[in-house]
Visitor: 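Let me begin by handing over the structure; questions about it come next.
All figures in this text were calculated on a predicted structure; none of them were measured in a lab. Letters A, B, ... mirror the listed sequences (proteins, then strands); counts begin at 1.
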Protein chains: 2
Amino acid sequence: MLSKKTKYAIKALVILGKNMDQPPMQISRIAETERIPKKFLEQILLDLRNAGFLYSKKGAGGGYSLNRDPKEIFLVSIMRITDGPIAMVPCASLNFYHKCDECHQETTCGIRDVFVDVRDATLKILSETSIADIISREQSLIHP
Amino acid sequence: MLSKKTKYAIKALVILGKNMDQPPMQISRIAETERIPKKFLEQILLDLRNAGFLYSKKGAGGGYSLNRDPKEIFLVSIMRITDGPIAMVPCASLNFYHKCDECHQETTCGIRDVFVDVRDATLKILSETSIADIISREQSLIHP
DNA sequence: TTAATAACCGACTAAAATAGTTTACTCTAT
DNA sequence: ATAGAGTAAACTATTTTAGTCGGTTATTAA
Ligand code: FES
Ligand code: FES
């Protein structure tokens with residue numbers, strides 16, 4: 001299951017993606033419109049900022065805005081920041097690899113072999129889908 | 001991440017799949033060979049039995065064996081028993097659907113739209129891969 | 001028929017991950 | 001100066017996962 005953290009992150013980025021040409025938006029405003037606990041969202045946006053996705057400005061009139069084109073922010077990158085690995089077994093993870101403590105020898109593990117395929121299929125979609133894509137998918141769903 | 005429960009379930013079914021023509025195998029033997037906590041494995045095998053995948057026999061000389069062809073036991077069915085939903089968001093689950101409490105209207109949700117695609121890709125692999133496939137993949141990995 | 005074996009069952013506990021909250025600090029515009 | 005708004009670390013609560021415990025029931029073999 002996707003964590004709430006990841007879901008909130010995507011929602012925040014989508015809102016900021018629709019806010020591109022306007023002045024920065026405050027955490028409290030995002031939190032209110034999406035009904036996300038403010039302090040929790042604060043942590044999440046900070047992570048995204050430290051990862052380079054967001055620009056932030058302190059003080060009056062400050063807030064957050066996207067630091068790059070929403071077409072270039074892909075779900076896979078967000079999920080790696082908020083949830084960590086994409087793969088369902090640690091031994092199949094590209095960015096968070098570690099040995100499975102339950103399996104004796106990973107090179108001949110049939111489970112790993114299957115879940116590498118699952119990872120590839122998932123990764124293909126998540127690394128092709130951007131915040132801009134989510135926004136345009138929502139548009140298509142509203143006006144079919 | 002795949003739970004240990006699911007991983008243990010697959011491992012147990014693989015062992016039993018290799019044991020098809022022999023007398024039933026005891027929990028304790030499976031637990032020892034795969035280093036799975038016995039009492040935990042007991043629960044898991046019981047679930048698989050109640051779902052109709054295993055045959056069990058009590059008393060001396062008893063144990064567990066597969067109740068059907070390993071070619072007909074697919075990962076998707078096992079995972080649904082041990083972990084529940086395949087989809088990463090509840091609103092995209094076929095067998096364990098429920099509303100997302102974070103999203104206002106599911107019909108126009110862009111996140112859901114993407115994760116339905118992810119579910120389909122995952123589901124395709126998991127519903128095509130059987131215990132027999134895992135066994136033969138392991139053979140291929142051992143003798144390339 | 002009794003003892004041993006092995007699955008069955010429900011309730012309990014421990015540990016880890018997730019989802020937050022609290023408190024205090026720093027920067028910026030007015 | 002002061003109010004607005006992000007930064008940061010530490011703390012707490014809740015939920016999920018991963019087990020454990022103690023006893024019951026069915027089957028076989030001596
Ligand atoms: S080695 Fe990772 S699943 Fe077996
Ligand atoms: S409705 Fe389920 S992710 Fe939005």
Side-chain angles (χ1 to χ4, degrees), chain A residues 1-9 11-12 16 23-32 34-67 79 81-85 88-90 96 98 100-102, chain B residues 1-9 11-12 16 23-32 34-67 79 81-85 88-90 96 98 100-102:
Chain A
M1 281 281 167
L2 215 64
S3 67
K4 294 202 175 189
K5 198 173 171 187
T6 297
K7 219 163 168 180
Y8 293 157
K11 279 171 179 288
L16 293 173
M25 187 181 279
Q26 294 77 1
I27 294 177
S28 47
R29 200 167 147 215
I30 304 176
E32 277 162 32
E34 287 295 338
R35 290 172 202 153
I36 301 171
K38 188 192 161 188
K39 278 295 192 176
F40 191 29
L41 182 60
E42 222 166 65
Q43 287 183 344
I44 297 166
L45 295 187
L46 203 30
D47 285 346
L48 294 171
R49 185 204 101 107
N50 290 335
F53 292 95
L54 297 178
Y55 160 87
S56 70
K57 195 181 173 184
K58 291 184 180 179
Y64 276 104
S65 50
L66 290 193
N67 209 7
M79 290 177 64
I81 293 166
T82 52
D83 269 359
M88 298 182 81
V89 283
F96 299 85
H98 67 91
C100 289
D101 19 79
E102 308 88 9
Chain B
M1 279 283 167
L2 215 67
S3 68
K4 294 203 176 189
K5 198 172 171 187
T6 298
K7 218 162 169 181
Y8 292 157
K11 279 173 180 286
L16 293 173
M25 188 181 280
Q26 295 78 0
I27 294 176
S28 46
R29 201 168 145 212
I30 303 176
E32 278 163 30
E34 287 296 336
R35 291 173 202 152
I36 300 171
K38 187 190 162 190
K39 278 292 197 174
F40 191 27
L41 182 60
E42 216 167 271
Q43 286 184 345
I44 298 166
L45 295 186
L46 203 31
D47 286 345
L48 293 171
R49 186 205 102 108
N50 290 336
F53 292 95
L54 297 178
Y55 161 87
S56 70
K57 197 180 173 185
K58 290 182 180 179
Y64 275 105
S65 49
L66 291 193
N67 209 7
M79 288 178 63
I81 293 166
T82 52
D83 271 358
M88 297 181 82
V89 283
F96 298 85
H98 67 94
C100 289
D101 18 81
E102 308 87 9

Visitor: Looking at every non-hydrogen atom in both residues, tell me the closest pair between A:Cys100 and A:Pro90 and how far apart they are.
Guide: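 For A:Cys100 and A:Pro90, the tightest heavy-atom pair comes out as SG-CG, 3.9 Å.
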Visitor: Does the side chain of A:Asp101 come within less than 4.5 Å of B:Arg35's, by heavy atoms?
Guide: no
Visitor: Can you tell me how far P of C:dT28 sits from NZ of A:Lys58, to the nearest Å?
Guide: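 One finds 7 Å between P of C:dT28 and NZ of A:Lys58, rounded.
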Visitor: Would you say the side chain of A:Gln43 and the base of C:dT21 hold a donor-acceptor pair, judged only by whether the two atoms sit under 3.5 Å apart?
Guide: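 Yes, the side chain and the base share a sub-3.5 Å donor-acceptor pair.
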Visitor: With a cut-off of less than 4.0 Å, is there a side-chain N or O of B:Lys57 near OP1 or OP2 of D:dT28?
Guide: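 Yes, because at least one side-chain N or O of B:Lys57 sits under 4.0 Å from OP1 or OP2 of D:dT28.
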Visitor: Starting from P on D:dT15, measure out to CE on A:Met1 and report it in whole angstrom.
Guide: 16 Å
Visitor: Look at the side chain of B:Asn50 and decide which nucleotide, out of D:dA26, C:dC9, D:dG4, has an atom nearest to it.
Guide: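 Comparing D:dA26, C:dC9, D:dG4 against the side chain of B:Asn50, the answer is C:dC9.
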Visitor: A:Arg29 vs A:Glu32, test: salt bridge (charged side-chain N to carboxylate O under 4.0 Å, His left out). Steps then yes/no.
Guide: CA-CA 5 Å; A:Arg29 200 167 147 215; A:Glu32 277 162 32; over 6 Å; no
Visitor: Starting at CG of B:Leu2, measure out to CE of B:Met79 and round the result to the nearest 0.5 Å.
Guide: 5.0 Å
Visitor: When we call it a touch if two heavy atoms are under 4.0 Å apart, what does B:Tyr8 touch: a base, just sugar-phosphate, or nothing?
Guide: sugar-phosphate
Visitor: Could you state the atom-to-atom distance from OH of B:Tyr64 to C1' of C:dT5 in whole Å?
Guide: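 About 15 Å, once rounded to whole Å.
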Visitor: Whole-Å distance between D:dT24 C1' and B:Glu42 CD?
Guide: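 Those two atoms, CD and C1', are 12 Å apart.
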Visitor: What nucleotide, of C:dT21, C:dA6, C:dA29, holds the atom closest to the side chain of B:Gln26?
Guide: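 The closest nucleotide is C:dA6.
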Visitor: Give one of base, sugar-phosphate or nothing for A:Ile27, where a contact means two heavy atoms less than 4.0 Å apart.
Guide: sugar-phosphate
Visitor: Within the 4.0 Å heavy-atom criterion, would you say B:Lys39 contacts the bases, only the backbone, or no part of the nucleic acid?
Guide: base
